[in-house]
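Only one structure is covered here, and it is reproduced in the block below.
Counting starts at 1 for both ligands and their atoms, in listed order.
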Amino acid sequence: MAKKTRSARETFRVPQGGVDLSAIDSRGGAIGPKGKAKAAKAMTELGARLDARQEALYASAVGGSSPRAVLLVLQGMDTSGKGGVISHVAGLVNPQGLHIASFKRPTPEELAHDFLWRIRKQVPGAGMIGVFDRSHYEDVLVVRVDGLVPESEWRSRYERINAFEAELDEQGVVIVKCMLHISPETQAERLAARLDDPQKYWKYNPGDLDARAKWTDYQAAYADALANCDTDAAPWYVVPSDRKWYRNWAVAALLAETLDAVDPQYPPTEFDVEAEKARVRAAV
Ligand code: AMP
Ligand code: MG
């Protein structure tokens, strides 16, 4: 009997009851295409599916009154491929329906507010697919590792993040959170590649090596964030990201399955189609 293929959402969902990232494969291959050529073919199909679903999502909000939006949160160490996912996965849908926000080191104005202040301003509106390149999770990752606020403060943020995400869920924002999981060896190769290619120098930041030196601390901070903030309303997925084509396929599959579940519907017409056809024929 043929084995039922597990969905991307089942396969990549963060394990329940404690996360040990070093035990999670960063190469991937449990499901999905076995090589680059097959992945390219799968991406063409996923692209058509995403594009169609995105258009219906947009139509259901703009032409109808659906409050639904999708928010893809991307987190990962430097070189894990957040930018690559934006171009290769988000790039598969109509740019008019995308809202992309990158979160850098907070400005003095942002720091003067609660950590969710700048995040709330970027929540995608109805009908949109939002993509966060880094997110409110930085406030329990770099902020924790670099000791930018006291422990009591960052510890209190897990619950506040869960409350915030539950609030978005109630508003109709469907959240998909992807941690792009790479091995330290892959990061070393990619950082070295940035230094070998003058056209990649702009991506290289000497400060990235400071974060790399704290790899173990970062992995521990990620493990806690994933374990504490994985909810059914806003699930965390660990995406094997050592191979770019597998990473892109996996995020596209997660997004497509999520949109399939949302199943956005085109709004019903509010006019008589036949009468309008006759008017078009009669006009001028
Ligand atoms: P990049 O994504 O490579 O352009 O780098 C953005 C930088 O901003 C990274 O080093 C992040 O760790 C940093 N960053 C993002 N959000 C925060 C935050 N809330 N607090 C401190 N640093 C942050
Ligand atoms: Mg960077």
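- Close contacts of ligand 1 with Val143, meaning ligand atoms under 4.0 Å from a residue heavy atom, involve 20 (N).
- Checked by atom type, the side-chain pair Gln75/Arg134 shows no donor-acceptor distance below 3.5 Å.
- For atom 22 (N) of ligand 1, the nearest non-hydrogen atom from the set Val142, Asp146, Val145 belongs to Val142.
- For ligand 1, the atoms sitting less than 4.0 Å from at least one non-hydrogen atom of Asp139 are 19 (N), numbered in the order shown with element in parentheses.
- By the criterion of a heavy-atom distance under 4.0 Å, the side chain of Arg118, and not its backbone, is placed next to ligand 1.
- Counting only heavy atoms, the protein gets under 4.0 Å from atom 4 (O) of ligand 1.
- Side-chain contact, Tyr246 with Lys36: no donor N or O sits under 3.5 Å from an acceptor N or O.
- Applying the 4.0 Å criterion to heavy atoms of Asp78 picks out, from ligand 1, the atoms 3 (O).
- No close placement of the Phe12 and Trp236 rings is indicated, their centers lying 6.0 Å or farther apart.
- For the pair Lys104 and ligand 1, the shortest N or O to N or O distance falls below 3.5 Å.
- More than 12 heavy-atom neighbours from other residues, nucleotides or ligands sit within 6.0 angstrom of CD on Glu10.
- Shown here is Glu257, whose CD atom has more than 12 heavy atoms of other residues, nucleotides or ligands within 6.0 Å.
- The N, O or S atom of Asp78 lying closest to the Mg ion (ligand 2) is OD1.
- The proximity of Lys82 to ligand 1, defined as any non-hydrogen pair under 4.0 Å, does not occur for either the backbone or the side chain.
- A distance of 6.0 Å or more separates the ring centres of Phe115 and His136.
- Atom CD of Glu159 sits in a sparse spot, with 12 or fewer heavy atoms from other residues, nucleotides or ligands closer than 6.0 Å.
- Closest non-hydrogen pair, Ala221 versus Val140, comes out as CB-O, 3.9 Å.
- Protein heavy atom nearest atom 20 (N) of ligand 1, with residue, atom name and distance: Pro106 CD, 3.3 Å.
- Of the heavy atoms in Asn205, none comes closer than 4.0 Å to ligand 1.
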